[in-house]
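Worksheet: the structure to be examined is printed underneath.
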Amino acid sequence: MIQETYIKITEKIRSTHYGERIIVFINRLLTDIVYISFLVLLVYLALHRDKVMVKIVMVTGISFVLVSVIRHFINAERPYTKYGFIPLVPKEKKGDSMPSRHVFSAFVIGMAFLHMNIVLGIIILIIGCLMAVIRVIVGVHFPRDVIAGAVIGILSGIIGFYLI
């Protein structure tokens with residue numbers, strides 16, 4: 001997206017009654033749903049002494065570390081630093097935009113759920129899509145960042161849960 005688009009979107013949301021509060025709430029809610037669901041999955045698997053828990057922890061954990069290293073080396077600029085506007089979600093980071101780690105996490109967790117339960121997996125993947133849209137709307141990521149995060153999350157899940 002270009003500078004004018006980001007500025008137009010953030011100004012429109014800010015000018016709407018409670019617009020900023022609502023979008024920040026939705027961003028936080030989607031993130032919390034994914035992470036709490038993942039924690040519940042891990043607790044459930046631990047209580048049932050299911051050996052797949054080790055695989056899920058390994059795939060998601062190793063993938064997360066690799067994505068973090070990749071984004072550190074890419075160190076892509078964020079929209080709000082490139083275009084000079086205040087994002088709707090408070091952020092102070094100047095780089096590390098690509099790939100989006102929030103979106104990556106939602107998608108690799110969605111793939112873990114998909115491995116365990118198709119319906120729950122699809123729900124988490126849909127939440128990941130919504131999260132990707134929100135991360136762009138609030139001005140903390142470019143579309144390429146969230147697309148890269150989603151693709152890497154899906155590929156990590158396919159490789160870790162279905163090919164290995």
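Heavy atoms only: backbone and side chains are in, while hydrogens, waters and symmetry mates are out. Predicted, not measured: the structure shown is a model, and the values here were computed from it.
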Main-chain N/O of [Y] paired to [X] side chain as donor or acceptor, under 3.5 Å:
{"X": "S63", "Y": "T60", "answer": "no"}
{"X": "K91", "Y": "Y80", "answer": "no"}
{"X": "R78", "Y": "G95", "answer": "yes"}
{"X": "T5", "Y": "M1", "answer": "no"}
{"X": "R135", "Y": "H141", "answer": "no"}

- Strictly by modelled atom types, are S68 and R101 linked by a side-chain donor-acceptor pair under 3.5 Å?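 There is such a pair between these side chains.
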- Query: Using a distance-only test with no angle check, is there a side-chain donor-acceptor pair under 3.5 angstrom linking S100 and D145?
  - Reply: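 No, because no side-chain N or O of S100 sits under 3.5 Å from a partner of the opposite role on D145.
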Distance-minimising heavy-atom pair for [X] and [Y]:
{"X": "V146", "Y": "V103", "answer": "O-CG1, 3.4 Å"}
{"X": "I137", "Y": "L88", "answer": "O-CD1, 4.0 Å"}
{"X": "P99", "Y": "R71", "answer": "O-NH1, 3.2 Å"}
{"X": "T16", "Y": "K12", "answer": "OG1-O, 2.8 Å"}
{"X": "F107", "Y": "G153", "answer": "CB-CA, 4.1 Å"}
{"X": "I22", "Y": "H17", "answer": "CD1-O, 4.5 Å"}

- Message: Closer than 4.0 angstrom, basic N to acidic O: yes or no for E77 and K82?
- Response: no
Going only through I, L, V, M, F, W and Y residues with side-chain contacts under 4.5 Å, is there a path from [X] to [Y]?
{"X": "L47", "Y": "V40", "result": "no"}
{"X": "F113", "Y": "L29", "result": "yes"}
{"X": "I109", "Y": "I122", "result": "yes"}
{"X": "V108", "Y": "V54", "result": "no"}
{"X": "L66", "Y": "M111", "result": "no"}

Nearest 0.5 Å please: distance from the [atom1] atom of [X] over to the [atom2] atom of [Y].
{"X": "I23", "Y": "I134", "atom1": "CD1", "atom2": "CD1", "answer": "3.5 Å"}
{"X": "M98", "Y": "I74", "atom1": "CE", "atom2": "CD1", "answer": "5.0 Å"}
{"X": "L41", "Y": "I124", "atom1": "CG", "atom2": "CD1", "answer": "9.5 Å"}
{"X": "I158", "Y": "I164", "atom1": "CD1", "atom2": "CD1", "answer": "12.0 Å"}
{"X": "L163", "Y": "L155", "atom1": "CG", "atom2": "CG", "answer": "10.0 Å"}
{"X": "L120", "Y": "L125", "atom1": "CG", "atom2": "CG", "answer": "11.0 Å"}

- Please assess M116 against L45 for the test side chain to side chain contact (heavy atoms under 4.5 Å, CB included), listing each intermediate value before the final yes or no. CA-CA 10 Å; M116 299 299 299; L45 293 173; 3.6 Å; yes
- Message: Which residues pass the side chain to side chain contact (heavy atoms under 4.5 Å, CB included) test with L42, not counting sequence neighbours?
- Response: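 Checked L42 against side chain to side chain contact (heavy atoms under 4.5 Å, CB included); matches are F38, M53, I56, V57.
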Can you tell me how the ring of [X] sits relative to the ring of [Y], calling it parallel under 30°, perpendicular over 60° and tilted otherwise?
{"X": "Y44", "Y": "H48", "result": "tilted"}
{"X": "F85", "Y": "Y6", "result": "parallel"}
{"X": "F142", "Y": "Y83", "result": "perpendicular"}

- Task: Evaluate the side chain to side chain contact (heavy atoms under 4.5 Å, CB included) criterion for residues S156 and F104: first the C-alpha distance (whole Å), next the side-chain angles of each, then the deciding distance (0.1 Å), finally the verdict.
- Result: CA-CA 9 Å; S156 295; F104 159 78; 3.9 Å; yes
Does [atom1] in [X] sit with more than 12 non-hydrogen atoms of other residues, nucleotides or ligands closer than 6.0 Å?
{"X": "I118", "atom1": "CD1", "value": "no"}
{"X": "F73", "atom1": "CZ", "value": "no"}
{"X": "Y35", "atom1": "OH", "value": "yes"}

Could you check if a side-chain atom of [X] sits within less than 4.5 angstrom of a side-chain atom of [Y], using non-hydrogen atoms only?
{"X": "L114", "Y": "Y162", "result": "yes"}
{"X": "R14", "Y": "I86", "result": "yes"}
{"X": "P87", "Y": "V138", "result": "no"}

